[in-house]
Amino acid sequence: MPWQTVSSRVVYENPWITVREDATTTPDGRPGVYGVVELRPSVFVVALTDDDEVVLVTVDRYTTGPGSLEVPAGGTDGQDPLVAAQRELAEEAGLTAREWTAVGTTEALNGIARAVEHVFVARGLEPVGDVAATAHEQGVEGITAVRTVPFGEVLAMVRDGRVRDGETVAALALAALHLGRLA
C-alpha cells in the first residue's frame, strides 16, 4: 500500500521554499506525520570550453560557508528550464553558449523534499557583453571566483572531496555519462 495523504498544511513559506506538514497513512497502514520541503525547479549547467574544461564557480554559501565549488545553477523562476539555464550561465559565469543539451533530471533530497533539477551540457562558450551585470549578479549570489578545470581533474576533485555540492556531483555524473566518460 502506498503512502496516503490525509491532510496537509503549509507551516512556512518564502519565495524559494514551502514547508508543509502532512498527516499521512504509512505504507503499513499506521497514521503518521511527514514534513516536506518544496523547492522551485532548478537548473544546473555543465559548461565545457573548447579545451574540454568545466566552468566552476566558487560560492560563499550561508549554510556551508565560503569556498563551495559548483557548476553554474539556480532556480527556473517560472521559466522554461533551457531559458533558465542560459540565464544562470550568463549571470553566474558571464558566459553564453551556442550548443545546449539536456542530459537528465534529478530529484534532490527526495526523502524530505520535492526538488526537481534539470541538467544541461553547454558548449561553444563566449563571454557575455554586459560584464557589469554579471559582476552585479555574482556579488548578489556570493560568487567569488569563476574558473575552468579539465574534465578529468573535476572528476578527481569530486573523488577527493574538493567538490562536495551534491547537485554539482550529480550534474557532473550525468554530463560524464552523456559524454561517454563513465560506463
Side-chain angles (χ1 to χ4, degrees), residues 15-17 39-106 108 115-182:
W16 302 277
I17 68 169
L39 291 91
R40 62 185 176 185
S42 57
V43 293
F44 292 79
V45 181
V46 179
L48 297 174
T49 69
D50 292 340
D51 294 327
D52 197 41
E53 297 169 312
V54 177
V55 175
L56 293 176
V57 294
T58 304
V59 184
D60 180 2
R61 292 281 180 202
Y62 177 79
T63 51
T64 58
S68 180
L69 293 173
E70 306 173 11
V71 296
T76 61
D77 297 342
Q79 295 176 310
D80 175 82
L82 175 58
V83 172
Q86 293 167 334
R87 175 181 43 79
E88 289 295 335
L89 183 61
E91 288 177 355
E92 294 194 359
L95 297 168
T96 62
R98 288 185 309 277
E99 181 184 330
W100 290 85
T101 306
V103 296
T105 302
T106 65
V116 176
E117 301 171 334
H118 304 277
V119 180
F120 294 87
V121 169
R123 291 183 160 162
L125 305 179
E126 296 179 9
V128 297
D130 193 347
V131 177
T134 297
H136 173 75
E137 286 298 325
Q138 289 172 335
V140 167
E141 298 199 29
I143 295 171
T144 59
V146 178
R147 66 177 171 159
T148 58
V149 178
F151 201 96
E153 171 73 10
V154 167
L155 296 180
M157 293 169 77
V158 169
R159 186 178 310 111
D160 68 21
R162 286 179 283 164
V163 173
R164 297 183 316 273
D165 173 61
E167 285 92 349
T168 292
V169 172
L172 290 168
L174 285 172
L177 288 166
H178 169 74
L179 296 168
R181 312 269 173 97
L182 296 176

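Atoms considered below: every heavy atom in the structure, side chains included; atoms not considered: hydrogens, waters and symmetry mates.
In the model, Thr96 has no side-chain atom that pairs as donor or acceptor with a side-chain atom of Glu126 under 3.5 Å.
Annotation for Phe151 and Leu172: closest pair CZ-O, 4.3 Å, computed over non-hydrogen atoms. Residues Val45 and Ala122 approach most closely at CG1-CB, 3.8 Å, considering heavy atoms. The minimum heavy-atom distance between Pro41 and His118, with the atom names listed, is CB-NE2, 4.4 Å. Taking each heavy atom of Phe120 and Ala85 in turn, the nearest pair found is CD1-CB, 3.6 Å. In terms of heavy-atom proximity, Ala93 sits nearest to Thr134 at C-CG2, 4.4 Å. Between Glu88 and Val43 the shortest heavy-atom distance is CG-CG2, 3.9 Å.
For the side-chain contact (heavy atoms from CB on, under 4.5 Å) with Glu53, the qualifying choice from Thr148, Val149, Val154 is Thr148, the only one to do so.
Electrostatic pairing of Asp77 and Arg87 counts as a salt bridge here, judged by a charged N lying under 4.0 Å from a carboxylate O. Glu153 and Arg162 are joined by a salt bridge, as a carboxylate oxygen and a charged side-chain nitrogen come within less than 4.0 angstrom of each other.
The CG atom of Leu82 sits 12.0 Å away from atom OG1 of Thr76, with the distance rounded to the nearest 0.5 Å. Note: Arg164 CZ to Met157 CE = 10.5 Å, rounded to the nearest 0.5 Å. Taking OG1 from Thr168 and CG from Leu69, the interatomic distance works out to 8.5 Å, rounded to the nearest 0.5 Å.
Side-chain contact between Leu48 and Leu179 is present, with at least one heavy-atom pair separated by less than 4.5 Å. Looking at Glu92 and Glu70, their side chains never come closer than 4.5 Å, going by heavy atoms from C-beta outward. Residues Val71 and Leu56 are in side-chain contact: their nearest non-hydrogen atoms beyond the backbone lie under 4.5 Å apart.
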Step-by-step side-chain contact (heavy atoms from CB on, under 4.5 Å) determination, His178 to Val46: CA-CA 11 Å; His178 169 74; Val46 179; over 6 Å; no
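The backbone N or O of Asp51 lies less than 3.5 Å from a partner atom in the side chain of Thr49, making a donor-acceptor pair.
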